[in-house]
Amino acid sequence: MSVTAFILAGPAQIGGYLAVAAVLFALGVLACATRRNAVGFLMGIEMMLNAAALNFAAFDRFHVGTAAAAGHGQIMALFIIALAAAESAVALAMVYSVYRTWRDIDLAATSELKG
Amino acid sequence: MPASAAIPAWLPLAILLAPVLTAAFLLACGRRAGHWGAWLSVAMMAACFAGSLAVFLGGLDQGHWLGWHSSTVAWLAAGTTSATPGFGLSLGLQLDGMGALMLMIVTGLATLVLLFSTWYLHDDRDYPRFFWMFDFFCFAMLGIVLSDNLLMTFICWELVGLGSYFLIGYWYDKPAVADDTFYQGMKAPYATGIIESKLSPGDAQLKAFVMNRIGDFGFLAGIAITAWVVAGWCAASGHPATHLLSWDTVFAAVADGAFAKASFAGLTGTDLLTLAGVGIFLGAMGKSAQFPLHTWLPDAMQGPTTASSIIHAATMVAAGVFLVARVYPMLTPDALLVVSWIGAMTCFIAAVIACTQWDFKGVLAYSTVSQLGYMMLGLGAGALAGGLGAGIGHLFTHALFKCMLFLCAASVIHACAGHQDLGRMGGLARRMPITAGVTLVGVLAICGLPGFSAFWSKDAILASAQVAAQQRGGLAWIPYALGLATAGLTCYYMMRLWVRAFLGPERDHHVTHHAHDPWPRALLALLVLAPFSLQAVWTGSLNPFATHSWLDHLLAAPSAGLLSMPGAVLPSPALTEALHHAHVQVMIAASVLLVLGAGTALVVFWWLPARGIDAAARLRQLPPFSWAWTVSARLWGIEYLYDALFVRGLGKGAGRGLAEVDLGTPERLARLDGGGSRQTEPDPPSLDGAIDAGTRLVRWIGSAGNALQSGRINAYVGAAALVTAVLVALALVG
């Protein structure tokens with residue numbers, strides 16, 4: 001495999017993709033569990049979504065059940081990208097609204113409804 | 001397509017990736033990447049230019065440029081079964097003569113602008129940030145040039161938009177000019193037209209982004225239609241659909257009449273192809289700041305001038321023109337008619353505005369919009385009228401002299417300590433003679449003086465527009481007439497710019513008394529660019545009236561792949577004859593307009609003021625000049641219109657409605673709660689006790705669960721993750 005193809009096409013085994021996706025997902029969870037900044041929290045969500053999308057694409061490439069299903073996983077990855085875009089648009093609007101109300105996007109600041 | 005063997009396969013990829021890797025590295029280094037980061041960028045870009053030169057020379061074959069195509073990599077494949085091959089998208093790099101030349105121009109200009117920026121921004125607070133943003137932009141721009149398919153072009157198209165967004169907002173914390181005391185002190189007393197409370201780097205970057213979204217919506221729709229039709233054609237004709245949106249597949253489908261056989265949303269045949277072409281052109285209108293989407297480009301001057309010089313003058317805004325040239329085989333005569341009308345309106349409208357702009361960069365910004373309109377006018381003339389070669393030729397000549405003019409603007413504004421008002425400059429030629437000389441070369445180039453580059457490229461556009469008008473007849477003469485009028489206006493406003501800034505007495509000693517030519521390395525960038533304003537560089541002939549150039553031959557290579565339509569660039573003998581006649585007429589008309597336009601500017605801004613007559617101020621009071629002045633200075637009212645319609649009307653209106661729902665609902669609920677049937681009589685004791693007991697129970701359960709409701713969302717996520725992990729572990733063990 002030429003260097004060009006490797007850069008554009010990535011590794012040839014599924015394990016590499018799954019490992020990257022797992023690390024990405026774990027980092028996303030970690031970000032959501034530790035970040036107090038709302039934007040950092042959203043980034044964590046995005047990372048988890050991307051990990052899922054990467055898994056879809058990888059399984060589509062290496063573990064296609066039937067020939068007719070080929071490409072479905074990749075299409076699903078596209079759906080996830082579109083979903084993630086919509087999600088961040090709504091979430092960022094909420095963050096902005098929160099900022100206008102509390103003058104802060106620290107997640108701990110917005111806990112008026114706590115028991 | 002005979003691929004050139006002399007180009008190493010890795011070289012174009014390396015040219016594409018070097019800027020983005022450098023950008024990532026510098027971004028990671030953050031503030032530590034000081035001056036060495038800047039010099040690393042310069043060195044990297046110089047290496048890219050050397051590589052581009054090698055690519056260009058490698059593909060040359062007796063004045064023609066052979067095609068080059070990298071191996072492609074499948075990116076997405078879907079619907080593949082044993083019965084049907086399905087379809088797929090692939091990524092790859094491809095070059096033709098136009099692309100190879102553009103590659104050289106982008107990397108070459110980027111090198112010089114980076115070199116210039118090491119001087120221009122050397123004492124800026126955020127110095128390192130500029131360079132990674134700039135490198136990132138170059139990566140995206142090179143991606144557009146090198147892309148072998150519509151999708152990768154679209155992705156890089158959005159990335160250049162992002163790069164432009166970054167750089168417009170480089171001074172992100174600068175206030176709106178209405179609150180900027182320095183701006184209020186320096187602006188010309190007659191400055192009007194812009195909405196000052198809404199002009200800051202932050203607003204400008206947002207405006208550029210939103211305006212481009214409108215265009216890119218059309219672009220995406222055009223791609224979608226194309227993909228739909230081409231996929232159907234591949235399935236019907238048996239053509240492999242694994243590179244669905246690649247230029248090769250799309251153009252093969254177009255050449256085979258795929259659109260004539262397809263139907264989409266009730267549209268069939270040529271109409272469908274026109275729709276796809278106009279959709280893609282809409283994307284080009286956004287990026288290339290064509291009317292009515294042009295208003296973002298003048299605002300983008302809020303960014304550093306050196307960034308403007310390459311992004312908003314030489315390369316990114318030219319990407320729209322490049323794209324139109326790229327998809328040329330897709331454009332039907334109707335689509336080309338749209339292109340020529342939009343181009344003509346843009347070049348005239350912007351040229352009128354440029355005539356009264358008070359600041360140095362403002363004149364150049366509107367001049368850029370106008371010249372981009374010119375290129376579109378040329379492209380819209382159609383391949384058979386020589387419009388493709390003319391439009392691309394002007395794209396290249398303009399890229400070089402406009403980049404140079406913006407660097408001159410950077411020198412002048414730096415020399416005047418940030419002052420941009422032409423009315424306070426004057427007499428700078430004595431203090432910064434080299435900058436004045438180089439600017440003059442650029443001004444003469446854009447005016448189209450014989451022997452300078454635009455004399456060749458602009459006349460080619462006008463000649464093509466004239467031939468197209470003859471072919472189309474009727475109303476089609478209007479775009480040609482607008483183009484001709486613009487030629488005169490261009491000479492006027494550019495000469496006005498030069499005379500006001502560099503000639504005459506010093507009008508404001510405080511502004512100009514420290515002025516001097518920039519440091520040697522910045523001067524070097526200017527002096528390297530200056531010769532490219534000469535016509536001989538482009539035509540390969542010292543005879544200014546030679547109409548054919550090496551560029552035509554370079555682009556016209558029949559095997560060049562992308563631009564390989566028969567007669568695409570070199571027209572047939574009959575049309576050559578028509579073009580020749582048009583050339584002679586245009587040359588005479590343009591020369592008369594040059595003398596008129598530049599002469600008026602010289603008389604009004606130099607000869608009469610030297611005799612104590614403030615001709616400009618008098619003309620401003622005198623109808624009909626005063627009417628024209630109002631139209632021009634108020635930017636045709638376009639800013640006000642958009643503000644009233646979209647920003648205040650649609651935006652604020654919809655925003656207020658949604659805010660009412662968002663913020664009003666809790667209030668309304670609260671009213672509902674308190675405003676219900678209010679009991680004045682106390683309840684009977686038995687009922688009271690039962691309810692109290694219920695309340696106590698609820699309160700007890702609530703306080704028991706209270707501890708969980710910490711309000712800290714991080715804790716919730718952590719708990720959920722932990723529980724999930726435990727459950728998964730249990731499932732795996734069990």
Side-chain angles (χ1 to χ4, degrees), chain A residues 1-10 25-38 40-42 44-45 48 56-57 60-61 64 66-78 81 85 91 93-98 100-101 105-115, chain B residues 8-14 16-17 20-21 70-93 148 151-152 242 655 658-659 662-663 666 699 701-722 724-725:
Chain A
M1 180 184 266
S2 74
V3 178
T4 314
F6 183 81
I7 290 171
L8 288 172
F25 188 83
L27 287 175
V29 172
L30 200 63
C32 286
T34 57
R35 286 273 165 178
R36 290 179 50 157
N37 184 306
F41 187 87
L42 288 178
I45 295 179
M48 286 192 269
F56 268 111
D60 176 82
R61 175 85 184 273
V64 177
T66 61
H72 288 193
Q74 299 195 38
I75 301 294
M76 195 57 77
L78 288 182
I81 291 169
M94 284 166 61
V95 168
Y96 187 59
S97 177
V98 162
R100 279 161 49 122
T101 313
I105 55 168
D106 186 340
L107 290 167
T110 56
S111 52
E112 284 184 7
L113 285 178
K114 75 177 173 200
Chain B
W10 55 269
L11 187 54
L13 186 71
L16 175 65
L17 293 182
V20 74
L21 294 178
S70 73
S71 55
T72 56
V73 175
W75 182 43
L76 186 149
T80 315
T81 64
S82 52
T84 57
F87 69 90
L89 299 170
S90 63
L91 299 179
L93 309 179
D148 82 333
L151 193 72
M152 185 174 157
T242 44
L658 288 173
D662 181 27
L663 303 174
R699 197 172 288 161
I701 295 172
S703 63
N706 249 357
L708 289 176
Q709 297 280 355
S710 64
R712 281 205 306 276
I713 195 162
N714 301 120
Y716 300 168
V717 171
L722 208 64
T724 314

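When reading the values below, keep in mind they use all heavy atoms of this one structure, side chains included, and skip hydrogens, waters and symmetry mates. Just so it is clear, the structure is predicted and the values come from calculations on it, not from any experiment. Chain identifiers are assigned alphabetically (A, B, ...) following the order of the sequence lines, protein sequences preceding nucleic acid strands; residue numbering begins at 1 within each chain.
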Exercise. Crowded around A:Phe56 CZ? As in, over 12 foreign heavy atoms under 6.0 Å?
Worked result: no
For this session: Specify the closest pair of heavy atoms between A:Cys32 and B:Asn714, including all atoms of both residues, with the distance to one decimal.
Result: O-ND2, 2.7 Å
Exercise. With a 4.5 angstrom heavy-atom cut-off, which part of A:Leu78 approaches chain B: side chain, backbone, both or neither?
Worked result: side chain
Seminar exercise, completed: Under 4.5 Å to a heavy atom of chain B? For A:Thr101 that would be neither
